[in-house]
Structures are given as C-alpha cells and as structure tokens.
Amino acid sequence: MKYTTRQKAILLLSDGTIFHGKSIGISGTTFGEVCFNTGMTGYQEIFTDPSYFGQLMVATNAHIGNYGVNDSEVESQSIKISGLVCKNFSFNYSREDASGSLEDYFIKQNLICISDVDTRALVSYIRDNGAMNAVICTNETPIEELKIALAKVPDMKGLELASKVSTTEPYFFGDENATYKIAALDLGIKMNILRNLAKRDCYIKVFPFDSSYQDLAAFNPDGYFLSNGPGDPEPLSGAIQVAKEILENNKPLFGICLGHQVIGLANGISTYKMFNGHRGINHPVKNIITGKGEITSQNHGFAVNKEELDNHPDLEITHLHLNDGTVAGMRMKNKNCFSVQYHPEASPGPHDSSYLFDQFIENIKG
C-alpha cells in the first residue's frame, strides 16, 4: 500500500483544551457540542440520526469505517452530525454488501473528520468535565481565531433544533390499506421508527414539527406519536401544546426521546440538561412494571425531572436507567399515554425494547 501523509488537525474545546490528530482529507472547520457514543457498531445509523444534529461525535470504538456504508442503513436522508472524532479511520472496507467507503460517503456530504486522536483520553476528559462546545479544524486556522469563533456558538441549553431536521411538508409511510392510522409529529424522526410502525399494520402520516393538533387530527388517526429529535425540548412550545391537546381529547399517545420530554413538559414536569447525557447501544434499563431488565440504545442530552415526576398525581415512572437512576420511561394513570427516553426501534440493536411498539398498538385497540 502506498504511504501517504495526512494534514494535521485539532479539536479545540470551549475551555481551551486541545487534542491533536490528523484530517482524513476534507479541509475546513466545523463547530458543535462534543459528545461520545459507546456503541461498537452501527456508525452509519449514528451519523444519520437527526437527534445528533449540531453535535461533534466522538467514537469510542477504535476502528471506524472498516465495514463501509450501505444505502439501506440510514436513519435519515443525510448525515446529521456536525463532525467526527475517532482513533483509527479505515479508508478500506471489507463487507461484501457495502455500497461504498465511509471516506467517499463523507466526501460526498462534506463531513469533516479528525482521526488519530487519543479518544480514550478525550472521552475521559468529557466524562470529568461534561459535554461542551468544540471545533474541529483541519486547515491550520490560528488558535486565537478559533477561540473567538467558538465563543459565539450557542450552548445546547435553550437551543431549538427540531426545526432544522423536521420535514417541511407532510408525507405518508406504509400501506394506505393498513388497519391503523398514526399521526406522527416529526421532531427529528428516525426511519426505523416508521418501519417498526408500518410492520405492525400502521399507515403513518408524518407532520412538520410546527403542525397544530388540528392538522394532525384532520388525518383522523387511531393514535398519535411524538418523535425523537435534537436540542432542548423547552423551546418547543408548539409541540408541547399539541401534546396537551392530544391528552385533553384522550387520544392514544406514544413518545420517544424528545417526544418523551415534550410529554413531560405538557404535564408540567421540567426538563434539564444532563452533564454528559446517554449515548450508546449498551445502556441498562429496568422495567419497573415487569421487573425485567433491558439493554437499550440511547441518545439524549436532556432528561425529565425525576423528583417532580415522583410527586405528580397523574404520572408514574415505568422505566429507570440503572447506571444513574434517571427516568427512562413513564405513563399516565388517567390517560392512554406512555413514553420512553430511549430508542426501542434501535437499529442495529439491541431489540430488547421493541415490545413497546406492540404496547402502543394494544393501547390503540383498547
């Protein structure tokens, strides 16, 4: 193999810390909140997940790109992360059914990546100091210029990002002759959520994030769904109002991730920005109702307030995150409504929580 030299690159954190590495060949600078994902596989699903919009992703797996990309393994139509930080970037791939290399995939969508970074040290630093804004630079821009530009990047707290990833026009998914009709509010919906609903005999109409309850209700759905998505849930006043009106009309409602937080806010439960958040495919959750444990896929930097939820007369906790005791799921005692903080549609897995889609269908039947 011909030896080639690659340009030096840096990752500059908002507190002034610098990590050094090399560019994979795409020149420029990119900003976002730096966070890490502990998944050992599924990098293409991570990169295309709308919930990661505005974030610089640190991959904890030592090798990224080794199995290339496949056109069918996407959660949206484009890469959503702002940039990638990794240890070893594989320019070659070995999977037979790959449709191309990760390098070409990044070049096509102009995603900046810094490799050869000591990611173990970086993840340890983030764990100790929390998620923060950062910049990847591959073109030797002076550090002081980068610091000035980085200081102008807004914090994730208070940042509304659903509008950046939501559909602009309603669209349909599934068989129009299916048994059940679902109205889904797109706050950054993943394709595999739609696949899971369609697989359960649902015909889904997906609505833009700023749609009203009347817009959704005009579809005459059997159930309503609030999707995952990026950013802080508190600025989503329109989605919160939609959730309130769905509940006022006592319609079946299911929320995932950001949708879960919106349902909490609609019930007067506050949300908060987590120190690091949960991102990976190995997070342990306990189902309080059944007593069973689940290994789950998670991707969130905000959570609902557990103390307020414990004291709410109409809500109860159904799932707890076993690492830190944060709320992983809840349901209403007096309404046909439940939600989870994690991703039961997980692709490439795990699939311990896929029963939640069946539960939604049973709620609709009931």
Side-chain angles (χ1 to χ4, degrees), residues 1-11 19-124 126 134-139 190-192 279-282 297-299 343 346-350:
M1 182 180 296
K2 182 181 178 182
Y3 182 81
T4 57
T5 58
R6 289 191 285 130
Q7 189 171 354
K8 292 180 179 179
I10 65 165
L11 172 72
F19 287 83
H20 296 271
K22 296 179 180 178
S23 168
I24 69 162
I26 302 169
S27 182
T29 59
T30 184
F31 300 83
E33 182 186 60
V34 65
C35 60
F36 59 89
N37 187 294
T38 57
M40 293 293 102
T41 186
Y43 54 72
Q44 188 177 359
E45 290 88 345
I46 293 169
F47 301 159
T48 56
D49 180 351
S51 294
Y52 281 123
F53 184 88
Q55 293 182 316
L56 302 177
M57 178 54 55
V58 181
T60 59
N61 192 353
H63 298 278
I64 295 296
N66 51 308
Y67 59 83
V69 295
N70 186 303
D71 293 337
S72 66
E73 295 173 358
V74 295
E75 293 294 350
S76 67
Q77 298 305 311
S78 63
I79 293 174
K80 293 299 188 293
I81 61 171
S82 295
L84 175 67
V85 182
C86 63
K87 176 61 178 174
N88 300 314
F89 188 91
S90 180
F91 293 87
N92 301 305
Y93 61 94
S94 57
R95 188 170 54 156
E96 288 187 1
D97 65 348
S99 53
S101 71
L102 187 60
E103 178 190 16
D104 290 340
Y105 191 59
F106 281 4
I107 290 173
K108 183 179 179 180
Q109 302 195 40
N110 197 35
L111 186 91
I112 296 172
C113 171
I114 178 174
S115 68
D116 297 75
V117 175
D118 185 346
T119 49
R120 292 185 69 180
L122 174 56
V123 169
S124 179
I126 298 171
V135 55
I136 297 172
C137 178
T138 69
N139 58 12
K190 293 171 66 177
M191 286 297 297
N192 215 40
R279 298 175 181 91
I281 59 174
N282 55 355
S297 177
Q298 303 207 6
N299 170 21
H343 288 265
S347 178

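No donor-acceptor contact under 3.5 angstrom links the side chains of S90 and N92, judged on distance only. Checking R120 against T60 by side-chain atom types alone, no donor-acceptor pair falls below 3.5 Å.
In this view, S76 and K80 satisfy the side chain to side chain donor-acceptor pair (under 3.5 Å) rule, not counting sequence neighbours. Partners of T29 by side-chain contact (heavy atoms from CB on, under 4.5 Å), not counting sequence neighbours, listed by chain and number: F31, V135, C137, N139, T141, L146. Under the side-chain contact (heavy atoms from CB on, under 4.5 Å) criterion, N192 pairs with E75, R195, N196, E345, S347, not counting sequence neighbours. Qualifying ring pair (Phe, Tyr, Trp, His ring centres under 6.0 Å) partners for F36, counting only residues two or more places apart in sequence or in other chains: none. N66 pairs by the side chain to side chain donor-acceptor pair (under 3.5 Å) definition with nothing, not counting sequence neighbours. Every residue two or more places apart in sequence or in another chain that forms a side chain to side chain donor-acceptor pair (under 3.5 Å) with E33 is listed here: Q55, K273. Evaluation of the ring pair (Phe, Tyr, Trp, His ring centres under 6.0 Å) rule for Y43 yields F47, Y67 as partners, not counting sequence neighbours. For F91, the ring pair (Phe, Tyr, Trp, His ring centres under 6.0 Å) partners are F89, not counting sequence neighbours. Applying the side chain to side chain donor-acceptor pair (under 3.5 Å) rule to S94 yields no partners; only residues at least two apart in sequence or on another chain are considered.
The ring-ring contact (aromatic ring centres under 6.0 Å, His included) analysis of residues 69-88, with sequence neighbours excluded, yields no pairs. Listed by first then second residue, pairs satisfying salt bridge (Lys or Arg N to Asp or Glu O under 4.0 Å) with a partner in residues 92-101 read E73-R95, R95-D97, not counting sequence neighbours. Pairs of residues two or more places apart, or lying in two chains, never qualify as salt bridge (Lys or Arg N to Asp or Glu O under 4.0 Å) while including a residue from residues 60-70.
The shortest distance between side-chain heavy atoms of V117 and L11 does not fall below 4.5 Å. Between K22 and I114 there is no side-chain heavy-atom pair separated by less than 4.5 Å. With a 4.5 Å cut-off on side-chain heavy atoms, R6 and D116 count as touching. Residues L102 and Y93 have side chains not in contact (no heavy-atom distance under 4.5 Å, counting atoms from C-beta outward). Counting only heavy atoms from C-beta outward, the side chains of F19 and V34 never approach each other to under 4.5 Å.
The backbone N or O of N299 lies less than 3.5 Å from no partner atom in the side chain of R279, so there is not a single donor-acceptor pair. Listed for the N88 side chain is no donor-acceptor partner under 3.5 Å among the backbone atoms of H63. Proximity of a side-chain donor or acceptor of Q7 to a complementary backbone N or O of T138 within less than 3.5 Å is detected. Between the side chain of S82 and the backbone N or O of T30, no donor-acceptor pair lies under 3.5 Å. Looking only at distances, a side-chain donor or acceptor of S101 sits under 3.5 Å from a matching main-chain atom of D104. The backbone N or O of V74 sits nowhere less than 3.5 Å from a side-chain atom of E45 that would complete a donor-acceptor pair.
To the nearest 0.5 angstrom, I136 atom CD1 is 9.5 Å from S23 atom OG. To the nearest 0.5 angstrom, I64 atom CD1 is 6.5 Å from L84 atom CG.
The shortest non-hydrogen separation linking S99 to N70 is OG-CA, 3.4 Å. Scanning all heavy atoms of the two residues, the minimum distance from S297 to I281 falls at OG-CG2, 3.7 Å. Residues T38 and G280 approach most closely at OG1-CA, 3.5 Å, considering heavy atoms.
Electrostatic pairing of D118 and K87 does not count as a salt bridge here, judged by no charged N lying under 4.0 Å from a carboxylate O.
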